[in-house]
Amino acid sequence: MSFSQHGPRAVCILSANGAISNVTLRQPATSGGTVTYEGRFEILSLSGSFLLTENGGQRSRTGGLSVSLSGPDGRVLGGGVAGLLMAATPVQVHVL
């Protein structure tokens, strides 16, 4: 996100690796449309794109990210990212 804030630009995330904790995902089948997971999860896949624009001092973002994660028990979960992804280890993100 901070990379894209150096001016109006589009960012396309191709892949990522590392571990995260405390993620909130959009999952329409759940009550409220989001679910929060706490703990350490390995990133299996992270992709998506967004565009940050500024108009009259107001910044806005369009687009979104999708993630697939693996928990410590091998459980796989995923969905649209609805909040911050907090890094638990160094995370490499490959952007275009």
Side-chain angles (χ1 to χ4, degrees):
M1 291 297 290
S2 63
F3 170 76
S4 67
Q5 292 176 355
H6 296 296
R9 68 177 71 188
V11 174
C12 178
I13 296 178
L14 303 175
S15 66
N17 61 42
I20 62 161
S21 62
N22 303 339
V23 60
T24 301
L25 301 176
R26 274 190 306 287
Q27 294 183 330
T30 63
S31 176
T34 62
V35 63
T36 299
Y37 298 96
E38 295 181 2
R40 183 180 163 126
F41 300 92
E42 291 292 325
I43 298 171
L44 300 175
S45 170
L46 177 67
S47 62
S49 62
F50 57 89
L51 174 64
L52 281 177
T53 56
E54 188 172 334
N55 188 6
Q58 293 262 352
R59 288 187 176 171
S60 64
R61 181 181 72 185
T62 58
L65 302 175
S66 296
V67 67
S68 295
L69 304 167
S70 174
D73 58 357
R75 178 177 58 141
V76 175
L77 55 104
V81 177
L84 297 176
L85 293 175
M86 184 69 65
T89 65
V91 173
Q92 290 183 325
V93 179
H94 305 271
V95 299
L96 177 63

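- With rounding to the nearest 0.5 Å, the separation of OG1 in Thr24 from CD in Glu38 is 8.5 Å.
- For Leu84, the CG atom is loosely surrounded, since the number of other residues' heavy atoms within 6.0 Å does not exceed 12.
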Test log, rule side-chain contact (heavy atoms from CB on, under 4.5 Å), inputs Leu46 and Leu85: CA-CA 11 Å; Leu46 177 67; Leu85 293 175; 4.1 Å; yes
Full working for side-chain contact (heavy atoms from CB on, under 4.5 Å) between Met86 and Ile20: CA-CA 5 Å; Met86 184 69 65; Ile20 62 161; 5.9 Å; no
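- Minimum heavy-atom separation, Val81 to Gly83: CG1-O, 3.1 Å.
- By the side chain to side chain contact (heavy atoms under 4.5 Å, CB included) test, Ser49 pairs with Cys12, sequence neighbours left out.
- Of all heavy-atom pairs spanning Ala19 and Glu42, the tightest one is CB-OE2, 3.5 Å.
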Under 3.5 Å, which donor-acceptor pairs do the side chains of residues 65-78 form with other protein atoms, sequence neighbours left out?
| residue | atom | partner | partner atom | Å |
| --- | --- | --- | --- | --- |
| Asp73 | OD1 | Arg75 | N | 3.0 |

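- Applying the side-chain hydrogen bond (donor to acceptor under 3.5 Å, both in side chains) test to Thr62 and every residue at least two apart in sequence or in another chain returns nothing.
- Closest approach of Val91 to Gly18, counting heavy atoms only: CG2-CA, 4.2 Å.
- Here the closest heavy-atom approach between residue Thr34 and residue Ala82 is recorded as CG2-CB, 4.0 Å.
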